[in-house]
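Worksheet: one structure, shown below.
We count residues from 1, following the sequence as given.
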Amino acid sequence: KTVGAMMGSGGLVVMDEKTCMVDVAKFFMDFCVDESCGKCPPCRVGTKQIYKTLHKICEGHGTEEDLKVLDDLCDVLRSSSLCGLGQTSPNPTMSTLRHFRAEYDAHIKDHKCPAKVCKQLLTYVINVPKCTGCSLCARNCPTNAISRVEGQKKYIIDQAKCIHCGKCNEVCRFAAVNID
């Protein structure tokens, strides 16, 4: 509790570097939005606004100003909500902002998710030397973003058409699709 790690019943969750802390904060805030009774405006409105801001950051549309907005919303929610849910709901966001600020910065400034969780911030690239030309990636791409390299039996991804679904990576049997 003294380090701001309390959520709900005080349970502790252990995560590794494959966990996006911005996405974790968004997950907990989504739970709080659903659990809010709606009686007090700070909780009813504040949890939704924090969730929307975290979602915006995870989608790659976040700005530096959003971090200030998150700080302000968390303070208002913590200090003016009527019940324990509203008062503690900003804890995961505040904790991740304090201890994992670099992840927020990577999402906003570099448009990258260090944990490679936020799909809209991922770039799928085919490692042409590893590509065997089996065409599984191209056949499974929902937007036809994958095509043959001219004059070769290898494939590349048109980033303008890619919707970051990850299907190419899922079906590739040769580890030829890299995630950046």
Side-chain angles (χ1 to χ4, degrees), residues 1-125 142 159 162-170 177-180:
K1 186 175 178 179
T2 59
V3 295
M6 190 183 101
M7 178 64 197
S9 64
L12 187 65
V13 179
V14 179
M15 299 170 220
D16 64 10
E17 65 279 347
K18 295 177 190 161
T19 304
C20 173
M21 299 312 289
V22 183
D23 186 59
V24 166
K26 184 179 80 158
F27 169 82
F28 280 115
M29 194 51 61
D30 186 38
F31 170 80
C32 292
V33 167
D34 288 343
E35 290 298 307
S36 175
C37 72
K39 184 176 181 179
C40 71
C43 186
R44 182 179 65 245
V45 178
T47 55
K48 287 179 186 172
Q49 290 306 313
I50 293 172
Y51 174 81
K52 285 180 182 180
T53 305
L54 291 168
H55 181 74
K56 178 181 169 188
I57 293 169
C58 287
E59 290 286 308
H61 305 295
T63 64
E64 289 289 325
E65 181 62 26
D66 289 327
L67 299 179
K68 174 73 173 124
V69 167
L70 283 175
D71 279 333
D72 293 344
L73 284 169
C74 287
D75 286 341
V76 168
L77 203 53
R78 177 181 265 176
S79 64
S80 60
S81 292
L82 297 176
C83 74
L85 176 81
Q87 293 164 3
T88 60
S89 64
N91 285 356
T93 302
M94 293 172 75
S95 181
T96 57
L97 278 167
R98 182 172 41 254
H99 298 292
F100 300 96
R101 184 63 168 247
E103 287 198 34
Y104 283 87
D105 291 339
H107 281 71
I108 292 169
K109 294 176 184 173
D110 304 329
H111 299 286
K112 297 281 181 189
C113 176
K116 296 183 173 27
V117 170
C118 300
K119 289 199 177 261
Q120 292 304 313
L121 298 177
L122 302 180
T123 303
Y124 294 89
V125 180
Q159 296 302 321
C162 181
I163 59 169
H164 314 276
C165 68
K167 193 68 178 170
C168 55
N169 182 261
E170 289 173 28
V177 179
N178 298 333
I179 305 171
D180 293 330

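Applying the side chain to side chain donor-acceptor pair (under 3.5 Å) test to residues at least two apart or on different chains, the pairs with a partner in residues 51-68 are K56-D66, T63-D66, K68-D72. Contacts classified as side chain to side chain donor-acceptor pair (under 3.5 Å) and involving residues 26-48 (residues at least two apart or in different chains) are not found.
Residues satisfying the salt bridge (charged side-chain N to carboxylate O under 4.0 Å, His left out) test with K167, not counting sequence neighbours, are E170. Residues meeting the side chain to side chain contact (heavy atoms under 4.5 Å, CB included) test with I179, sequence neighbours left out: K116, L122, Y124, N169. In this view, V125 and T123, Q159, D180 satisfy the side chain to side chain contact (heavy atoms under 4.5 Å, CB included) rule, not counting sequence neighbours. By the side-chain hydrogen bond (donor to acceptor under 3.5 Å, both in side chains) test, T96 pairs with Y104, sequence neighbours left out.
Residues P142 and I163 have side chains in contact (heavy-atom distance under 4.5 Å, counting atoms from C-beta outward). At least one side-chain heavy atom of L85 sits under 4.5 Å from a side-chain heavy atom of C43. At least one side-chain heavy atom of I50 sits under 4.5 Å from a side-chain heavy atom of C74. By the 4.5 Å heavy-atom criterion applied to side chains, M21 and H99 are not counted as neighbours. H111 is listed as a side-chain neighbour of L121, based on a closest heavy-atom distance under 4.5 Å. No side-chain heavy atom of C165 sits less than 4.5 Å from a side-chain heavy atom of K119.
Residues S81 and Q87 approach most closely at O-NE2, 3.1 Å, considering heavy atoms. Annotation for E103 and P114: closest pair CG-CG, 4.3 Å, computed over non-hydrogen atoms. Here the closest heavy-atom approach between residue C113 and residue C118 is recorded as SG-N, 3.5 Å. Taking each heavy atom of L77 and S89 in turn, the nearest pair found is CD2-OG, 3.2 Å. Across all non-hydrogen atoms, the minimal contact from P90 to M29 is CA-CE, 4.1 Å.
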Which is it for L67 and D105 under the side chain to side chain contact (heavy atoms under 4.5 Å, CB included) test, yes or no, and what are the steps along the way? CA-CA 9 Å; L67 299 179; D105 291 339; 4.0 Å; yes
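Between atom CZ of residue R98 and atom CG of residue D71 there is a gap of 10.0 Å, rounded to the nearest 0.5 Å. Atom OG1 of T93 is separated from atom CG of L70 by 6.5 Å, given to the nearest 0.5 angstrom. Taking OG1 from T19 and CZ from F100, the interatomic distance works out to 9.5 Å, rounded to the nearest 0.5 Å. Note that OG of S80 and CG of D75 are 10.0 Å apart. Values are rounded to the nearest 0.5 Å.
Remark: side-chain polar atoms of S95 are not paired, donor with acceptor, to backbone N or O of N91 under 3.5 angstrom.
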